[in-house]
Novice: 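Before anything else, here's the structure in question.
In listed order, ligands and their atoms are each counted from 1. Residue numbers run from 1 in the order of the sequence given. Keep in mind the model is a prediction, meaning the values are calculated, not measured.
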Amino acid sequence: NMLHEITGTGTGVLGDTKSFEVTKVSNNNYTAKDTTRGKGIETYTARNRTTLPGTLGSDTDNNWTDGALVDAHAYAQKTYDYYKNAHNRNSFDNNGAKLISTVHYSNRYNNAFWNGTQMVYGDGDGSVFRPLSAGLDVVAHELTHAVTERTANLIYQNESGALNESISDIFGAMIDDDDWLMGEDVYTPGTPGDALRSLEDPTVAGDPDHYSDRYTGPNDNGGVHTNSGINNKAAYLLAEGGTHTGVTVTGIGRNDTAKIYYYALTNYLNPNSNFSAMRQAAIQSATALFGANSQQVKSVKAAYDAVGVQ
Ligand SMILES: O=C(O)[C@H](CCc1ccccc1)CC1(C(=O)N[C@@H](Cc2c[nH]c3ccccc23)C(=O)O)CCCC1
Ligand SMILES: [Zn+2]
């Protein structure tokens with residue numbers, strides 16, 4: 001209970017020190033259980049097996065040394081705080097739902113996922129990935145899948161699936177707001193400067209930045225992690241501005257861009273929404289938030305023109 005909530009300190013995967021709320025059970029027993037946010041934030045370890053959620057994280061001296069667990073717990077708190085402070089949303093269900101994360105899932109597992117109930121992170125094989133919870137954008141991406149599921153619930157295939165993916169990348173970039181890259185802190189430790197995806201220039205990772213270049217094959221549920229690049233590019237242009245395929249967009253900044261996408265996700269998008277519906281939802285959201293003749297509305301139209309979505 002709240003009575004035993006205290007601050008823990010630990011070292012993340014990348015060697016950075018951070019603090020986070022934990023529970024003091026007794027003088028030499030602390031658990032990775034935050035009872036200060038919603039109905040709680042709890043972080044577990046699967047101890048390299050695949051049983052979920054596994055064992056609740058614990059430490060004897062409150063100086064936490066399991067980097068993957070430190071990062072998953074601290075970044076879940078940071079993501080919770082973002083949704084509460086920026087969008088007045090109390091956890092993924094807007095009713096304080098407990099956030100459960102598990103690290104050290106399986107063996108050398110090069111991925112992470114939301115399984116409908118909790119977040120799960122692999123350790124990576126040290127070549128393709130570092131432990132994936134070390135990426136704040138990855139944690140935010142996974143938790144945003146939960147938010148999407150409880151709101152628009154975009155079907156995870158083809159265009160609606162690419163939008164589902166893009167919404168997770170967009171809020172990953174809004175929360176891990178030092179760049180427009182996805183997974184840069186955990187992807188290919190041996191290759192500095194690369195990323196799993198880029199919202200600024202999706203083509204650097206082989207993803208399309210225009211509707212005419214969309215993937216229409218069967219792989220990856222119809223290319224949900226590829227065609228996300230089209231909407232990701234639109235969001236990047238909306239926030240930062242720029243000229244793309246001969247269309248110039250006036251940037252409106254990260255905060256207004258985030259407000260537009262959150263408003264669209266929670267008021268207009270539905271499970272079957274395609275890219276054209278995304279354009280309309282963004283225009284309607286910008287209109288509702290900023291007015292019909294606002295710069296924001298003009299920039300939304302230009303951004304979707306620039307990526308070939310009408
Ligand atoms: O949440 C998601 O969309 C991805 C979930 C993938 C998954 C789905 C179902 C069961 C297991 C795993 C996980 C992430 C992802 O984009 N994965 C991509 C890229 C990727 C990561 N590891 C891979 C290994 C092989 C191939 C592709 C990948 C994918 O699964 O396609 C998101 C942020 C970083 C990892
Ligand atoms: Zn995803």
Novice: Is atom 14 (C) of ligand 1 in close reach of the protein, with a heavy atom under 4.0 Å away?
Specialist: yes
Novice: Taking only heavy atoms of N110, which atoms of ligand 1 are found under 4.0 Å from at least one of them?
Specialist: 21 (C), 22 (N), 23 (C), 24 (C)
Novice: Side chain, backbone, both or neither: which applies to V128 and ligand 1 if a contact is any heavy-atom pair less than 4.0 Å apart?
Specialist: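 Answer for V128: neither.
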Novice: Give the atom numbers and elements of ligand 1 that come within less than 4.0 Å of a heavy atom of E165.
Specialist: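 Every atom of ligand 1 under 4.0 Å from some heavy atom of E165: 2 (C), 3 (O).
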Novice: Distance below 4.0 Å between atom 35 (C) of ligand 1 and any protein heavy atom?
Specialist: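 Yes.
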Novice: Going by the order shown, which atoms of ligand 1 are within less than 4.0 Å of some heavy atom of Y156?
Specialist: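 Answer, ordered by atom number: 3 (O).
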Novice: Kindly say whether E21 contributes a backbone atom to a donor-acceptor pair with the side chain of D34 at under 3.5 angstrom?
Specialist: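 Not a single qualifying donor-acceptor pair exists.
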Novice: Which atoms of ligand 1 sit under 4.0 Å from any heavy atom of Y109?
Specialist: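 Near Y109, meaning under 4.0 Å from one of its heavy atoms, ligand 1 has 11 (C), 12 (C).
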Novice: Do W64 and T9 come close enough that some side-chain heavy atom pair is under 4.5 Å?
Specialist: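 Side chain of W64 against side chain of T9, heavy atoms only: no contact under 4.5 Å found.
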Novice: Quick check: does H225 put an N/O/S atom under 2.8 Å from the Zn ion (ligand 2)?
Specialist: no
Novice: Between the candidates G124, A205, G161, A112, which shows the shortest non-hydrogen contact distance to atom 6 (C) of ligand 1?
Specialist: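 Heavy atom nearest to atom 6 (C) of ligand 1 belongs to A112.
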Novice: Just checking, is any N or O donor in the side chain of N232 or D169 under 3.5 Å from an acceptor N or O on the other one?
Specialist: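 Distance-only check passes for N232 and D169.
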Novice: Can you give me the NE2-the Zn ion (ligand 2)-OE2 angle for H145 and E165, to 10°?
Specialist: 100°
Novice: Does the ring center of Y263 lie less than 6.0 Å from the ring center of H87?
Specialist: no
Novice: Please state which protein non-hydrogen atom is closest to atom 28 (C) of ligand 1 and give its distance, to 0.1 Å?
Specialist: N111 ND2, 3.9 Å
Novice: What protein heavy atom sits nearest atom 31 (O) of ligand 1, and how far away is it?
Specialist: H225 ND1, 3.4 Å
Novice: Could you tell me if any non-hydrogen atom of Y187 lies under 4.0 Å from any atom of ligand 1?
Specialist: no
Novice: Would you say the side chain of V22 lies within less than 4.5 Å of the side chain of T31, judging by non-hydrogen atoms?
Specialist: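 No, too far: nothing below the 4.5 Å cut-off.
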Novice: Name the atoms and distances for all side-chain donor-acceptor pairs under 3.5 Å in residues 284-293, with sequence neighbours left out.
Specialist:
| residue | atom | partner | partner atom | Å |
| --- | --- | --- | --- | --- |
| S285 | OG | A264 | N | 3.2 |
| S285 | OG | A281 | O | 2.7 |
| T287 | OG1 | I283 | O | 2.7 |

Novice: So which heavy atom on T65 is nearest to which on D59, and how close?
Specialist: N-OD1, 4.2 Å
Novice: For Y121 and ligand 1, answer yes if some heavy atom of the residue is under 4.0 Å from a ligand atom, otherwise no.
Specialist: no
Novice: Do any non-hydrogen protein atoms sit less than 4.0 Å from atom 11 (C) of ligand 1?
Specialist: yes
Novice: Under 3.5 Å, is there a donor-acceptor pair linking the side chains of E5 and T36?
Specialist: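 Checked: E5/T36 side chains show no N/O donor-acceptor pair below 3.5 Å.
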Novice: Is it the case that the side chain of N164 and the backbone of S160 share a donor-acceptor pair, with hydrogens and angles ignored and the cut-off at 3.5 Å?
Specialist: no
Novice: Any heavy atom of F129 closer to ligand 1 than 4.0 angstrom?
Specialist: yes
Novice: For residues 220-252, pull every pair meeting ring-ring contact (aromatic ring centres under 6.0 Å, His included), keeping only residues two or more places apart or in separate chains.
Specialist: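 Residue pairs passing ring-ring contact (aromatic ring centres under 6.0 Å, His included), neighbours aside: W180-Y236.
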Novice: Give the atom numbers and elements of ligand 1 that come within less than 4.0 Å of a heavy atom of H145.
Specialist: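 By the 4.0 Å cutoff, the relevant atoms are 1 (O), 2 (C), 3 (O).
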Novice: Considering only protein heavy atoms, which is closest to atom 8 (C) of ligand 1, and at what distance to one decimal place?
Specialist: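 Scanning the protein heavy atoms, the shortest distance from atom 8 (C) of ligand 1 goes to F113 CB, 4.3 Å.
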Novice: After noting the C-alpha distance and the side-chain angles of D61 and Y30, does the key distance pass the side chain to side chain contact (heavy atoms under 4.5 Å, CB included) rule?
Specialist: CA-CA 7 Å; D61 66 0; Y30 300 81; 5.6 Å; no
